[in-house]
Amino acid sequence: MAKQYKTYKKLDLTEVDQEMLKFWEEHQVFEKSVEERSKDNPFVFYEGPPSANGKPGIHHMMARTIKDSFCRYRTMKGMRVERKAGWDTHGLPIELKVEKELGITKEDIGTKISVDEYNKQCRETVMRFTDQWNDLTTKMGYWVDLDDPYITYTNEYIESVWNILQRLYNKGYLYKGYTIQPYSPAAGTGLSSHELNQPGCYKDVKDTTVVGQFKIVKNEASSFLFDNEDEDVRFLAWTTTPWTLPSNTALAVGKKINYLKVDTFNPYTFERVSVVLAEDLLKKWFKADNENGDFEAFASAEKKDRNKAPYKVVANYKGADLAGVDYEQLLDYVQPKGDAFRVILGDFVTTSDGTGIVHIAPTFGADDKRVADQNGIVALTVEDEQGNPAPLVDKQGKFVDEAGELAGRYVKNYKDAADYENVDVAIAVKLKTENKAFNVQKYEHNYPHCWRTDKPVLYYPLDSWFVRATAAKERMVELNKTIKWKPASTGEKRFGNWLENLNDWNLSRSRYWGIPLPIWRNEEGTKEKCIGSIEELEKEIAFANEQLGLDQSVPKDLHRPYIDSVVLCSEDGEKLVRELDLIDVWFDSGSMPYAQWHYPFENQEKFQRNFPADFIAEGVDQTRGWFYTLHAIGVMAFDSVAYKAVVSNGLVLDKQGRKMSKRWGNAVNPFETIGKYGADATRWYMMSNSNPWDNLKFDLDGVDEVRKKLFGTLYNTYSFFALYANIDGFDYSQDEVPLADRPEIDRWVISLLNSLVKEVDADLNDYEPTSAARKIQSFVLDNLSNWYVRLCRRRFWKGEMSTDKLAAYQTLYTCLDTVAKLMAPIAPFFSDRLYKDLNEVTQKEPHMSVHLAFLPTTDESVIDKDLEQRMDYAQRISSLVLSLRKKENLRVRQPLQRVLLPILDPSFQSQVEAVKDLILTEVNVKEFEYITDTSGIVNKSIKPNFKTLGRRMGKHMKSVAKVVGGFNQEDIANVETNGGYTLDLDGEKFELTLEDFVITSSDIPGWSVANDGPLTVALDITLTDELKAEGTARELVNRIQNLRKSKDFNVTDRIRVEIEKHDMLVPAMEMFNEYISAEVLADSLQLVDEVQGDIVDMDGTDVTFAVSKS
RNA sequence: AAUUAAGUAGUUCAGUUGGAAGAACACAAGUCUGAUAAACUUGGGGUCGCAGGUUCAAAUCCUGUCUUAAUCUCCA
């Protein structure tokens, strides 16, 4: 006996998951899927390293499904796809986590806990959830080599990164500079933007704000601002941080903004003054009531109300006019060492707040520093203990000694002093009395705070190392154009714009757990060495030992603090100390193409074969993260793209479209989802529901629907096949039935199948998984299950093995086998189960798994578009007839005599004729009648063909539509017989052809008619006695079959049937006894007067049936 | 505030040079079934975010605007 196809009690996707996992594991299928493919045909994929210090979420499944699907697809295309896993292990989040858990702060490192101990802790913490990650990876069917991952904290990895840094250094891409960064004086540390984005960091605070009056220096450049000798003209500039005013060195205006000069009185000193501010903001600082008030009266009044000070607009200027004007220093504690106190242009200046003139303190604002540098304006600094320039506020957040009466005062209450006096208020009071403040008030605004100390952050100048990314900008833009982005807009727009506006990359992090910057410097910063390998470090250490008489060696661990103690030596014998900075962790992950192979120290050849990547995929949030760092390093260090194609997926939101987060409690647990619905259903849902780059509204009901619909249908289709193939012993050992000998419907489904293969292959090649998944789904549901199998059921169970039956088996087998392969990249578990269940019986292919098989190729010769079209007709005509039956209340079991089909197009009849039998069987009608000469019989409707006519008729189109809309049956007939129509529009003639109209038959008087676009079907609903009897016969078959089923008879059991005698049954039993017996496998079938058995409803009458095995 | 994407039925989504708006799910009623938690038929459901513009014709092209999300910068 032939081997049997496996059958199942029910579909259980989670069981399939487990079986397949076990099978893959036992037979090393993943390893085989790589090893069996030639090294000469690689498809290079890079795994973006996740950080294992958090638990994996459902959104991780999204990116990983994309990655896995395309890697599996390429494998099935015969390519070798090596997939090395990786772990991102460094960085601030890990440090923060460790500090939180240990209850320490950064200051405690080195005192309460040794750096050594701290790093050890980081190392453990970061790998804490690797088990969960590995578990998810396995359970979701993500094939990646977990046994040999790259880990960014290893010495090998660090050494490779050093090598890249040295390459950049040698190209002049690394430099040290000063930038303004968020800084927490209370914690004594700089903060990254990541830290500022922690929830709750931005808070609304009420601060004292000041509008300062900056007195203009009268000279040649400013003379246009003065109307007379004695005039006191001042700029107004607003600030929410008055403590920065002593550090002011410039004022910025907007080039195109309109400014006014306003004659008025200072509201505190009541001195006459002319102030300059933006026109748009006049109303913000002046009450309209006071405009053009009585200046004399106000000046001479004894008691002055500051709210009643009159004002008058006396002049206006463009911002561009004001640039270059000098003003007097507002608070002169410290003098600048260079150019200062000038009006400059700033592109960031707006008129949404303040006065449209921005106070610039280059030591305390990033924009301030940038615009000051551009204009040659210096910062206000003093010398610190080392003689280096330092801001007027020190790192503890208090004014330096040089700041006069402000010296020693904290700019914010950093020490929680009970008697803290607000410096901003003190400055405001001083300015008021000195006629330098135009307005002082409390103002609520949003300001960032240190997440740990809860104190306001300062923007503070800090030393940092930079990568001169701007120098490689052009090349990055150029090479980006060669990358295939999915979606294209992310690459062209989002990433492209980002490249266009590139800033230099701030590499420095003053933390402990990261890759140390391999640069050693002398104290003055005049001599330095950048180390690119351990070997080089060894040599340098030996040199230093010799020169300086030391006894050092290369540390076993390249992290801090060990590396910090290494001292090197310049060529002329000067001591060099390592720059204490770590590098940005993004540099770690951006270096993975090289560092994962420990390039260039090992695996040179392997690297060459695996660079650049053919494909990477991550979330769209990585655009300026990993996608950028990969690209930047690739371009700067190797003048190459790092990846040729990139898919950036959107977010996974909850079903309401909200972000998933633990706080909302709406996060979906991937393990639970996989456990309940199976990995395949989840993967398929993610790929088919919406394009990966659109945000996905994740709804578990949707996953269940996929399970029921797609996998349920496929399972049932297979079960159906297996049931009968087992009975007939079909094992595909017979020769292929030539396609030409197979019936129409077989050739049709094979044609569709080949079209499907072609389209799915093209979609996957183009990184369009959603389109591919939807096409497969539609084929399985609509065409294979609901049409092919439904119409062919009889072929499988009727009679002995024949050519027709064999053709049916072979066709269905081919469809199932091909579908298994097509869906394997997205649904790896079920597809493999299906493939194996088929292939293990037939042994048609030598592969033990679908993932070792090859994607089928398209046989163009079997694709027959005419055939596909006529089957489409068949489906639609059947639908129309069924809809008519419904309308007329005629069940399908009741045979009808004929269907009337108006023929509008000559090819139509031959097309329909070819599928006639299918339709007749499907709708239970005896014959077709075609009406070719339709005039007088069929009512038609007509409308203009907008597509062809619109272009020609243009604005007359509306009139045309009106005329054509008014056509009666005779007019339509004329159009048809004349093959066109001459349209007369107000004397203008237009020749219209038959093409310019869309004519459909809408009705056949006296018949029951239905339409679907150009198709029209009429049904003859006359019932003869014979038709009625046949209908009854089929009802009897149905009832008896149901009884067989409910009695659990085997489909092959022979039976005997006795039916209670009723008059309505007699004609059917007489005329169709043989038919009924054959259908239900009855050895005897008769009407009897008395019968014991099951009572069944027949058209409203209870009838007793006795059915027994014979 | 800027950039990018999205906005179509109760929900998830199609809708490709502009040509008289669709599917699935859900809901209601029915039909068919020798694989079905299947399928089929019929029905209700739509200001295609809003407002302008171009055009004979706009879900589609243009402008503005609103909402949502991401990113980045800033918050003087």
Side-chain angles (χ1 to χ4, degrees), chain A residues 193 202 209 237-241 244 252 346 348-350 352-361 365-368 445-448 487 489-490 492-495 497-498 501 503 619-621 623-625 650-651 653 655 657-659 688-691 693-697 699 701-702 705 708-709 712-713 715-724 770 774 778 781-782 785-787 789-790 793-794 796-798 878-879 882-887 889-893 924 943-951 953-961 1037-1038 1041-1042 1044-1045 1051 1079-1081:
Chain A
S193 59
Y202 275 84
T209 66
W238 181 60
T239 180
T240 56
T241 51
T244 62
F348 53 87
V349 179
T350 66
S352 57
D353 282 313
T355 62
I357 301 175
V358 178
H359 138 67
I360 298 293
D367 266 343
D368 303 38
H445 66 141
N446 211 244
Y447 197 82
S489 66
T490 298
E492 285 164 24
K493 305 287 186 64
R494 196 189 279 233
F495 192 61
N497 290 349
W498 160 252
N501 301 313
N503 289 321
V620 69
D621 53 327
T623 308
R624 290 165 193 188
L651 271 81
L653 308 170
K655 66 176 172 182
R658 292 179 310 180
K659 210 171 157 179
S688 65
N689 187 67
S690 58
N691 280 316
W693 35 89
D694 291 330
N695 288 348
L696 173 69
K697 289 182 189 164
D699 185 359
D701 289 342
E705 192 184 316
K708 282 198 301 211
K709 274 206 99 118
T713 304
Y715 162 80
N716 283 322
T717 308
Y718 167 78
S719 299
F720 172 84
F721 168 83
L723 174 66
Y724 294 107
T770 308
R774 286 177 178 170
S778 161
L781 297 179
D782 301 336
S785 166
N786 190 38
W787 192 251
V789 175
R790 196 158 56 83
R793 270 181 312 207
R794 210 178 164 80
F796 290 91
W797 51 259
K798 194 80 181 171
S878 299
S879 283
L882 291 173
S883 105
L884 285 171
R885 279 180 168 276
K886 160 70 187 161
K887 200 165 91 189
N889 232 340
L890 289 165
R891 54 185 52 155
V892 179
R893 275 192 292 264
N924 197 17
K943 66 176 186 181
N945 183 346
F946 286 90
K947 212 162 189 169
T948 62
L949 272 178
R951 210 162 289 145
M953 303 303 295
K955 64 182 174 192
H956 300 300
M957 202 54 218
K958 270 200 177 123
S959 332
V960 176
V1037 170
N1038 168 259
Q1041 298 290 26
N1042 286 347
R1044 283 185 65 113
K1045 210 174 174 185
V1051 292
E1079 287 296 307
V1080 302
L1081 305 183

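Naming convention: chains lettered A, B, ... in sequence-line order (proteins, then strands); numbering from 1 in each chain.
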Residue-phosphate contact under 4.0 Å: Thr240(A) side-chain N/O, A76(B) OP1/OP2: yes

Side chain of Phe720(A) - closest among G34(B), A35(B), A14(B): A35(B)

Who pairs with U3(B) - Watson-Crick or G-U, where each distance is under 3.5 Å: A70(B)

d(CG, Asp699(A); C1', C13(B)) in whole Å: 13 Å

I'd like a table of atom pairs between the protein and nucleotides 39-43 of chain B - only N or O on both sides, under 3.5 Å - with the distance next to each one.
from: A39(B); atom 1: OP1; to: Lys709(A); atom 2: NZ; distance (Å): 3.1
from: A39(B); atom 1: O3'; to: Asn786(A); atom 2: ND2; distance (Å): 3.1
from: A39(B); atom 1: O2'; to: Asn786(A); atom 2: OD1; distance (Å): 2.2
from: A39(B); atom 1: O2'; to: Asn786(A); atom 2: ND2; distance (Å): 3.1
from: U41(B); atom 1: OP1; to: Ser879(A); atom 2: OG; distance (Å): 3.2

Complementary nucleotide of U65(B), counting Watson-Crick and G-U pairs under 3.5 Å: G49(B)

Mutual orientation of the aromatic rings belonging to Phe720(A) and Phe796(A) [parallel < 30°, tilted 30-60°, perpendicular > 60°]: perpendicular

Of the listed nucleotides U12(B), A70(B), G34(B), the one nearest the side chain of Asn689(A): U12(B)

First of Thr948(A) and Asn1042(A) reached from the 5' end of RNA chain B, by closest nucleotide: Thr948(A)

Thr241(A), nearest nucleotide to its side chain (from A35(B), A76(B), G34(B)): A76(B)

Nearest-neighbour nucleotide for the Trp238(A) side chain, A35(B), U4(B), A76(B) considered: A76(B)

Gap between atoms CH2 and C1', on Trp693(A) and U4(B) respectively (whole Å): 16 Å

Minimum-distance nucleotide to Ser489(A) side chain [options: G34(B), A14(B), U4(B)]: U4(B)

P atoms of A59(B) and G7(B), separation to the nearest Å: 15 Å

Nearest-neighbour nucleotide for the Asn716(A) side chain, G19(B), C13(B), U36(B) considered: U36(B)

Under 4.0 angstrom between Asn695(A) side-chain N/O and A69(B) OP1 or OP2: no

Selection from C56(B), A24(B), A35(B) that lies nearest to any side-chain heavy atom of Ser785(A): A35(B)

Mate of A38(B) where both pairing distances stay under 3.5 Å, Watson-Crick or G-U: none

Distance test, side-chain N/O of Lys493(A) to OP1/OP2 of U3(B), below 4.0 Å: no

N or O in side chain of Thr239(A) less than 4.0 angstrom from A76(B) OP1/OP2: no

Contacts of Asn691(A) that satisfy side chain to side chain donor-acceptor pair (under 3.5 Å) - sequence neighbours left out: Thr770(A)

Stacked pair Phe946(A)-A57(B), distance under 5.5 Å, angle under 30°: no

Touch class at under 4.0 angstrom, heavy-atom based, for Arg794(A) against every strand present: nothing

Sugar-phosphate only, base, or nothing, as touched by Val789(A) at under 4.0 Å among non-hydrogen atoms: base

Upstream residue (5' side of RNA chain B) when Leu949(A) and Val620(A) are each assigned their closest nucleotide: Leu949(A)

Sugar-phosphate, base or nothing in reach of Asn945(A), heavy atoms under 4.0 Å: nothing

Nucleotide forming a Watson-Crick or wobble pair with A20(B), both distances under 3.5 Å: none

Distance test, side-chain N/O of Tyr724(A) to OP1/OP2 of A35(B), below 4.0 Å: yes

